[in-house]
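This report refers to the structure that appears directly beneath it.
Note that the structure is predicted; figures quoted are calculated from it, not measured.
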Amino acid sequence: MKLYYILFDLMMAILFFLIGIYFYKSNGKAANFLTGYNMKSIDERKKFNEDTLCKDYGKKMMLWAIPFLIGIGIDIYSPGKGVRIAWILWVIMLIQLLIERHQREN
């Protein structure tokens, strides 16, 4: 069971890191995958620098891998706790992103 938790944390870390890399290197093409942005009109989209937007979100997504790397370290000594802690940290980071995004749009 210990190996399952470690592999799960590792896969989540890799997933977030790869998605972050994709966004960062997309030259703005990944902006259509951002919730809400893809619903804006063409005129509203012109107000944004899509390349910068994707780079910012890419960096944040790469940072989302860190809680799962920490989770691996914790799961080695206490299986199951690392996964829970990683998800709690990730949810906190997600909520922080949503708050920042809401403040930026208002």
Which pair of heavy atoms, one from Pro67 and one from Ala86, lies closest together, and at what distance?
O-CB, 3.3 Å
Would Ile76 end up clustered with Leu89 when hydrophobic side chains under 4.5 Å apart are linked, directly or stepwise?
no
Distance, nearest 0.5 Å, that separates OH of Tyr4 from CG of Asp9:
10.0 Å
Inspect the contact between Glu50 and Lys55 and indicate whether a charged nitrogen and a carboxylate oxygen are less than 4.0 angstrom apart.
no
Go through it in stages, so that I can follow the logic: the residues are Asn49 and Leu53, the test is side chain to side chain contact (heavy atoms under 4.5 Å, CB included), and I'd like the CA-CA distance, side-chain angles, deciding distance and then a yes or no.
CA-CA 6 Å; Asn49 181 338; Leu53 190 66; over 6 Å; no
Under 4.5 Å between side-chain heavy atoms, counting indirect links through other Ile/Leu/Val/Met/Phe/Trp/Tyr residues: same cluster for Ile95 and Leu63 or not?
yes
Cluster overlap Leu15 with Leu34, hydrophobic side-chain contacts below 4.5 Å:
yes
Is there a chain of hydrophobic side chains (I, L, V, M, F, W, Y, each step under 4.5 Å between heavy atoms) that links Met11 to Ile6?
no
Atom pair CE (Met62) and CG (Leu18), whose distance is rounded to the nearest 0.5 Å
10.5 Å
Pair Phe16 and Trp90, ring centroids less than 6.0 Å apart:
yes
Measure the spacing between OH of Tyr57 and CH2 of Trp64 and express it to the nearest 0.5 Å.
8.5 Å
When every non-hydrogen atom of Ala13 is compared with those of Ala65, the smallest separation belongs to O-CB, 3.3 Å
Is there a side chain to side chain contact (heavy atoms under 4.5 Å, CB included) between Lys2 and Asp75 once you walk through the steps?
CA-CA 7 Å; Lys2 179 179 180 178; Asp75 281 333; 5.9 Å; no
Measuring from atom SG of Cys54 to atom OH of Tyr37, what distance do you get when rounded to the nearest 0.5 angstrom?
8.0 Å
Option from Phe23, Phe17, Tyr22 for which side chain to side chain contact (heavy atoms under 4.5 Å, CB included) with Ile19 holds:
Phe23
Ser78 (side chain) donor-acceptor with Lys81 (main chain) under 3.5 angstrom:
no
Is there a side chain to side chain contact (heavy atoms under 4.5 Å, CB included) between Leu10 and Phe68 once you walk through the steps?
CA-CA 7 Å; Leu10 181 63; Phe68 294 99; over 6 Å; no
Output the distance between atom NZ (Lys40) and atom CG (Asn32), rounded to the nearest 0.5 Å.
13.0 Å
Quick check for you: to the nearest 0.5 Å, what is the distance between Lys29 atom NZ and Asp51 atom CG?
10.5 Å
Going through the distances and angles, do Lys60 and Glu100 end up as a side chain to side chain contact (heavy atoms under 4.5 Å, CB included)?
CA-CA 12 Å; Lys60 288 182 188 303; Glu100 288 173 10; 3.1 Å; yes
With hydrophobic residues grouped by side-chain heavy-atom distances under 4.5 Å, do Ile99 and Leu97 end up in a single group?
yes
